[in-house]
Amino acid sequence: MVHYKELGLVNSRELFKKAMAGKYAIPAFNFNNLEQLQAIISACVEAKSPVILQVSKGARKYANQTLLQYLAKGAVEYSKELGVAVPVVLHLDHGDSFETCKSCIETGFSSVMIDGSHLSFDENVKETQKVVDFAHQYDVTVEGELGVLAGIEDEVSHAVGHYTRPEEVEEFVKRTGVDSLAISIGTSHGAFKFKVKPGELPPPLRFDILEEVEKRIPGFPIVLHGASSVPQEIVDEINKYGGKMENTAGVSEDQLRRAASSAVCKINIDSDGRLAVTAAVRKVLFEKPGEFDPRNYLGPARDKLKELYVHKIIHVLGSAGKI
Ligand code: G3H
Ligand code: 13P
Ligand code: ZN
């Protein structure tokens with residue numbers, strides 16, 4: 001067993017308490033490799049923001065669990081080396097079972113999500129409660145989910161989502177003992193969130209559901225998944241340099257800012273980072289077809305990624321200067 005405190009990590013409890021009081025949200029950025037981690041940490045150092053490093057089951061498989069554990073420890077040290085000790089949470093994204101959550105807790109994660117949103121209410125309560133009972137013995141925080149986002153959650157694909165039912169949240173939180181709750185108010189995963197015709201605006205988020213949830217569990221940390229904005233200028237850059245991405249759509253930054261100033265304490269962003277990397281790599285390889293040193297295309301990708309994260313922290317999440 002490697003406890004997260006040995007790695008210099010923190011759980012999300014204090015960060016959410018401060019975010020709730022200060023009306024901002026903590027960034028939860030997914031990572032799978034060294035360059036993404038460097039970009040996340042250097043952005044958070046520059047903007048003086050706490051951060052949640054998110055690892056999906058797919059990321060664990062891709063990068064190797066042991067390497068990820070030491071990368072997270074390295075991230076803590078790296079931030080100090082850059083001059084600002086940012087609080088770092090290592091979080092399992094979309095944990096699919098008690099066993100996956102347990103294994104993460106035993107290998108240094110300070111926070112886990114158990115995603116039972118596809119189960120019946122009672123089964124979701126049972127599975128979540130089991131994870132909470134185990135996690136809390138080690139002071140690891142747990143995120144649960146009620147409601148299903150459309151799009152792709154790890155290996156589970158949902159063609160159609162359904163909104164969170166506010167009348168269920170109080171009982172869920174009470175019975176499970178979770179520390180935060182992901183809800184479905186109209187966001188979805190990936191770069192193709194909404195089917196909109198050119199010139200049309202995506203449907204607004206269901207702030208009425210969020211407000212109803214807040215009324216029923218006041219002061220309880222809410223999590224927003226599927227919160228990439230899919231910036232058109234990045235998609236245009238991908239297409240300009242040989243990519244083919246059509247009919248993309250994301251959540252507007254205005255709506256995310258509004259969510260961040262409510263009970264939403266954690267905002268998950270993965271796809272926007274993937275787009276930024278893809279655009280930068282394509283540009284270099286298009287302009288310099290003879291380039292074959294990965295540092296010369298992954299380096300610029302890392303710079304773009306950092307720029308994107310700094311923008312999100314300052315202009316979307318509001319977590320700059322909150323360390
Ligand atoms: O919500 C899912 C995250 O974007 C992680 O995606 O399962 O492809 O690593 P992944
Ligand atoms: P995006 O696909 O919108 O970036 O959402 C990421 C996410 O919710 C990770 O859990
Ligand atoms: Zn998600």
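All ligand and atom numbering here is 1-based and tracks the order in the structure.
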Can you check whether Arg274 has an N/O within less than 3.5 Å of an N/O in ligand 1? yes
Asn30: numbered ligand 1 atoms lying under 4.0 Å from its heavy atoms: 3 (C), 5 (C)
Counting only N and O atoms by type, is there a donor-acceptor contact under 3.5 Å from the side chain of Gln36 to the main-chain atoms of Gln38? no
Can you tell me which portion of His225 lies within the under-4.0 Å heavy-atom range of ligand 1? Options are side chain, backbone, both, or neither. neither
Return the closest protein heavy atom for atom 3 (O) of ligand 2 as residue, atom name and distance. Lys193 NZ, 2.5 Å
Closest protein heavy atom to atom 7 (C) of ligand 2, given as residue, atom name and distance to 0.1 Å: His189 CD2, 3.4 Å
Sub-3.5 Å donor-acceptor pair from the side chain of Asp272 to the main-chain atoms of Ser229, do we have one? yes
I want to know whether Tyr4 and Phe109 have ring centres closer than 6.0 Å. no
Nearest-0.5 Å distance, CZ of residue Phe192 to OG1 of residue Thr248: 6.5 Å
Could you tell me which atoms of ligand 2, counted from 1 in the order shown, lie closer than 4.0 angstrom to a heavy atom of Ile269? 4 (O)
Answer yes or no for Lys61: is there a heavy-atom contact with ligand 1 below 4.0 Å? no
In terms of atom number and element, which parts of ligand 2 are under 4.0 angstrom from non-hydrogen atoms of His225? 8 (O), 10 (O)
Ignoring hydrogens and geometry, is there a side-chain-to-backbone donor-acceptor pair from Gln255 to Leu205 under 3.5 Å? yes
Just to verify, which of Val284, Leu285, Thr278 counts as forming a side-chain contact (heavy atoms from CB on, under 4.5 Å) with Val281? Leu285
What N, O or S atom of His225 is found closest to the Zn ion (ligand 3)? ND1
What protein heavy atom lies closest to atom 8 (O) of ligand 2? Include the residue and the distance to one decimal. Gly226 N, 2.8 Å
Just heavy atoms, cut-off under 4.0 Å: does Asn268 contact ligand 1 by side chain, backbone, both, or neither? neither
Residue, atom and distance of the protein heavy atom nearest atom 2 (O) of ligand 2 read Ser271 OG, 2.7 Å
Worked verdict on Asp254 versus Ser252 for side chain to side chain donor-acceptor pair (under 3.5 Å): CA-CA 5 Å; Asp254 286 349; Ser252 84; 5.1 Å; no
Would you check the N or O atoms of His189, main chain and side chain alike, for any that come under 3.5 Å of an N or O of ligand 1? yes
Just jot down the ligand 1 atoms closer than 4.0 angstrom to any heavy atom of Asp270, in number order. 3 (C), 4 (O), 5 (C), 6 (O)
Does OH in Tyr70 sit with more than 12 non-hydrogen atoms of other residues, nucleotides or ligands closer than 6.0 Å? no
When you measure from atom 9 (C) of ligand 2 to every protein heavy atom, which one gives the shortest distance, and what is it? Asp93 OD2, 3.1 Å
If I apply the N/O under 3.5 Å rule, does Asp272 come out as touching ligand 2? no
Does an N or O anywhere in Asn30 fall below 3.5 Å from an N or O of ligand 2? no
Determine the sole option in Val213, Leu146, Asp208, Leu210 for which the side-chain contact (heavy atoms from CB on, under 4.5 Å) test with Pro166 is passed. Val213
Any atoms of ligand 2 less than 4.0 Å from a non-hydrogen atom of His94? List them with their elements. 10 (O)
Any heavy atom of Ser56 closer to ligand 1 than 4.0 angstrom? yes
Within the distance-only criterion (no hydrogens, no angle test), does the side chain of Thr107 pair as donor or acceptor with the backbone N or O of Ser103 below 3.5 angstrom? yes
Please check if the side chain of Ser56 supplies one atom and the backbone of Gly58 the other of a donor-acceptor pair under 3.5 Å. yes
Just by modelled atom types, is the Leu181 backbone N or O under 3.5 Å from a matching donor or acceptor in the Glu145 side chain? no
For Gly190, atoms of ligand 2 separated by under 4.0 Å from a heavy atom: 2 (O)
Examine the proximity of ligand 2 to Ala191 and report which part, side chain or backbone, both or neither, has a heavy atom under 4.0 Å away. neither
His94 heavy atoms within 4.0 Å reach ligand 1 at atoms 1 (O), 2 (C)
Derivation of the side chain to side chain donor-acceptor pair (under 3.5 Å) call for Asn268 and Lys266: CA-CA 7 Å; Asn268 289 8; Lys266 170 175 180 271; 3.0 Å; yes
Between His3 and Tyr138, how do the two ring planes meet: parallel, tilted or perpendicular, split at 30° and 60°? tilted
To check your reading of the site, what angle at the Zn ion (ligand 3) do NE2 of His94 and NE2 of His189 form, to 10°? 100°
